[in-house]
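These notes are about the structure you will find just below.
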Amino acid sequence: MLVVLKPSATKEQIQSLIAWLEGQGLIVHISRGEFYTFLGLIGDTSQIDVTLLEGLAMVDTVKRLSEPFKSANRKFHPDDSIIEVGGLKIGGPHFQVMAGPCSVESPEQILSIAQSVCASGAAILRGGAFKPRTSPYDFQGLHADGIELLLEAKKQTGMPIVTEIMNANHLPMFEQVDIIQVGARNMQNFELLKELGMIRKPILLKRGLANTLQELLMSAEYIMAGGNYNVILCERGIRTFENYTRNTLDLSAVPMLRELSHLPVVVDPSHASGIARLVQPMAMAAVAAGAHGLMIEVHNDPANALCDGAQSLTPEQFDEVFKKVRRVREAVT
């Protein structure tokens with residue numbers, strides 16, 4: 001349920017109403033717009049007398065919402081959420097590019113790539129320390145050592161880092177990580193999502209390989225229900241019958257998610273296509289569709305990469321992509 005309060009509502013009146021609603025066993029999410037204040041009511045609202053609420057002098061309108069996601073719903077929070085990380089902002093008018101290797105392989109590799117993408121204009125360094133792989137015989141990442149190498153690259157370049165978590169038990173290793181990524185395979189790992197809801201660190205939540213937008217938003221809801229509203233949604237392609245590409249990039253998800261939710265939306269064209277030469281057109285298209293950011297894989301030696309070399313750009317290719325993305329961004333804004 002959504003309660004919209006008039007601009008004339010005083011702070012004392014609002015607090016009194018919130019106290020009463022919480023006394024009914026509801027969780028109240030408060031959002032303040034330029035003129036109106038919005039109270040999102042989460043819980044069993046069936047016993048709430050809508051007529052009684054509408055009769056209050058401070059109340060403008062009361063609406064029952066059909067969508068199961070509440071905290072992530074734009075109706076609860078009309079203004080775009082802006083996530084702050086390491087002095088940067090993502091969401092609303094703020095656009096950021098995350099770039100780096102699929103997996104961290106060595107000190108020389110990660111530092112070289114970090115310096116290259118930073119020089120090209122990327123703001124956030126991505127890199128996998130824990131790698132979920134289809135085959136148990138493939139490279140699984142350097143784990144804690146990989147995180148240490150990312151932190152050293154952060155120290156050298158000043159770039160915030162984003163890396164994927166596989167298990168809630170690993171959270172102590174991620175204390176200095178700026179953005180924790182939940183990969184596509186863990187999008188519905190609800191116990192992990194609950195744990196991430198207990199911290200206040202930004203979470204990059206990737207859409208699952210065969211999940212709907214509502215399921216993605218419900219996963220975001222798990223995190224937000226715990227009190228962590230620092231969620232960034234990521235469209236990374238879904239599995240379809242098409243086999244010329246690794247996945248099918250659902251660009252319609254970008255404007256649809258922006259319509260449904262106030263959370264920032266970024267796009268990963270590398271995993272979506274699985275082919276390096278397709279990253280540039282897909283990245284440009286994602287920006288034109290309204291993405292708040294991009295996540296692009298870059299490797300200094302893709303042919304010998306331990307993970308996903310086929311979809312990784314060289315630093316030189318990334319530099320060219322970044323320039324074109326910037327021009328598209330300037331055109332659409």
Evaluate the side-chain contact (heavy atoms from CB on, under 4.5 Å) criterion for residues D138 and C307: first the C-alpha distance (whole Å), next the side-chain angles of each, then the deciding distance (0.1 Å), finally the verdict. CA-CA 8 Å; D138 289 338; C307 180; over 6 Å; no
Heavy-atom distance under 4.5 Å between the side chains of [X] and [Y], does that happen here?
{"X": "V267", "Y": "L249", "value": "yes"}
{"X": "L171", "Y": "I180", "value": "yes"}
{"X": "L5", "Y": "D60", "value": "no"}
{"X": "F139", "Y": "S103", "value": "yes"}
{"X": "S116", "Y": "F318", "value": "no"}
{"X": "V28", "Y": "L41", "value": "yes"}
{"X": "E105", "Y": "I113", "value": "no"}
{"X": "N228", "Y": "M224", "value": "no"}

Specify the closest pair of heavy atoms between [X] and [Y], including all atoms of both residues, with the distance to one decimal.
{"X": "D268", "Y": "M295", "answer": "OD1-O, 3.2 Å"}
{"X": "V254", "Y": "A289", "answer": "CG1-O, 3.6 Å"}
{"X": "V231", "Y": "L263", "answer": "O-CD2, 3.6 Å"}
{"X": "E221", "Y": "A72", "answer": "OE1-N, 3.1 Å"}
{"X": "G128", "Y": "T163", "answer": "CA-OG1, 3.9 Å"}
{"X": "H299", "Y": "P101", "answer": "CD2-CB, 4.3 Å"}

Hydrophobic cluster membership, [X] vs [Y], 4.5 Å side-chain cutoff:
{"X": "I18", "Y": "Y229", "value": "no"}
{"X": "F76", "Y": "I30", "value": "no"}
{"X": "F130", "Y": "L125", "value": "yes"}
{"X": "V3", "Y": "L65", "value": "no"}
{"X": "I179", "Y": "F174", "value": "no"}

If you measure from [atom1] on [X] to [atom2] on [Y], what distance do you get to the nearest 0.5 Å?
{"X": "L233", "Y": "H262", "atom1": "CG", "atom2": "NE2", "answer": "9.5 Å"}
{"X": "E215", "Y": "M187", "atom1": "CD", "atom2": "CE", "answer": "5.5 Å"}
{"X": "H29", "Y": "N73", "atom1": "NE2", "atom2": "CG", "answer": "10.0 Å"}
{"X": "L294", "Y": "M98", "atom1": "CG", "atom2": "CE", "answer": "9.0 Å"}
{"X": "N211", "Y": "L216", "atom1": "CG", "atom2": "CG", "answer": "8.0 Å"}
{"X": "I110", "Y": "L149", "atom1": "CD1", "atom2": "CG", "answer": "8.0 Å"}

Heavy atoms of other groups near R239 CZ, more than 12 under 6.0 Å: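 No, CZ of R239 has 12 or fewer neighbouring heavy atoms, counting only those of other groups under 6.0 Å.
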Can you tell me if CD on Q176 sees more than 12 non-hydrogen neighbours from other groups inside 6.0 Å?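 At most 12 heavy atoms, drawn from other residues, nucleotides or ligands, come within 6.0 Å of this atom.
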Between [X] (side chain) and [Y] (backbone), is there a donor-acceptor pair under 3.5 Å?
{"X": "K131", "Y": "C102", "result": "yes"}
{"X": "R74", "Y": "S261", "result": "yes"}
{"X": "E164", "Y": "M166", "result": "no"}
{"X": "K201", "Y": "V177", "result": "yes"}
{"X": "R185", "Y": "V182", "result": "no"}
{"X": "E195", "Y": "L192", "result": "no"}
{"X": "S273", "Y": "P269", "result": "yes"}
{"X": "E22", "Y": "I27", "result": "no"}
{"X": "Q24", "Y": "L26", "result": "no"}
{"X": "N247", "Y": "H271", "result": "yes"}

Can the ring centroids of F38 and H77 be said to lie less than 6.0 angstrom from one another?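 So the answer is no for these two rings.
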Measure from the ring center of F95 to the ring center of H292 and say whether it is less than 6.0 Å.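 Aromatic pair excluded; centres sit 6.0 Å or further apart.
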When you check the gap from the basic side-chain N to the acidic O, do [X] and [Y] get nearer than 4.0 Å?
{"X": "R258", "Y": "D80", "value": "yes"}
{"X": "R133", "Y": "D308", "value": "no"}
{"X": "E297", "Y": "R126", "value": "yes"}
{"X": "R327", "Y": "E330", "value": "no"}
{"X": "E67", "Y": "K75", "value": "yes"}
{"X": "K154", "Y": "D178", "value": "yes"}
{"X": "D250", "Y": "R207", "value": "yes"}

Set out, in order, the CA-CA distance, both residues' side-chain angles and the distance that settles side-chain contact (heavy atoms from CB on, under 4.5 Å) for V321 and L313, then state yes or no. CA-CA 9 Å; V321 170; L313 303 180; 3.8 Å; yes
Scan side-chain atoms only and decide if R64 and T45 contain a donor-acceptor pair under the 3.5 Å cut-off.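 Yes, T45 and R64 have a side-chain donor paired with an acceptor closer than 3.5 Å.
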Using the rule given for side-chain contact (heavy atoms from CB on, under 4.5 Å), can you reason through E148 versus L151, listing the C-alpha separation, both sets of side-chain angles and the distance that settles it, and then say yes or no? CA-CA 5 Å; E148 289 302 317; L151 291 173; 4.2 Å; yes
Give the C-alpha distance, both sets of side-chain angles, the deciding distance and a yes or no for side-chain contact (heavy atoms from CB on, under 4.5 Å) between I165 and Q181. CA-CA 6 Å; I165 192 168; Q181 175 183 314; over 6 Å; no
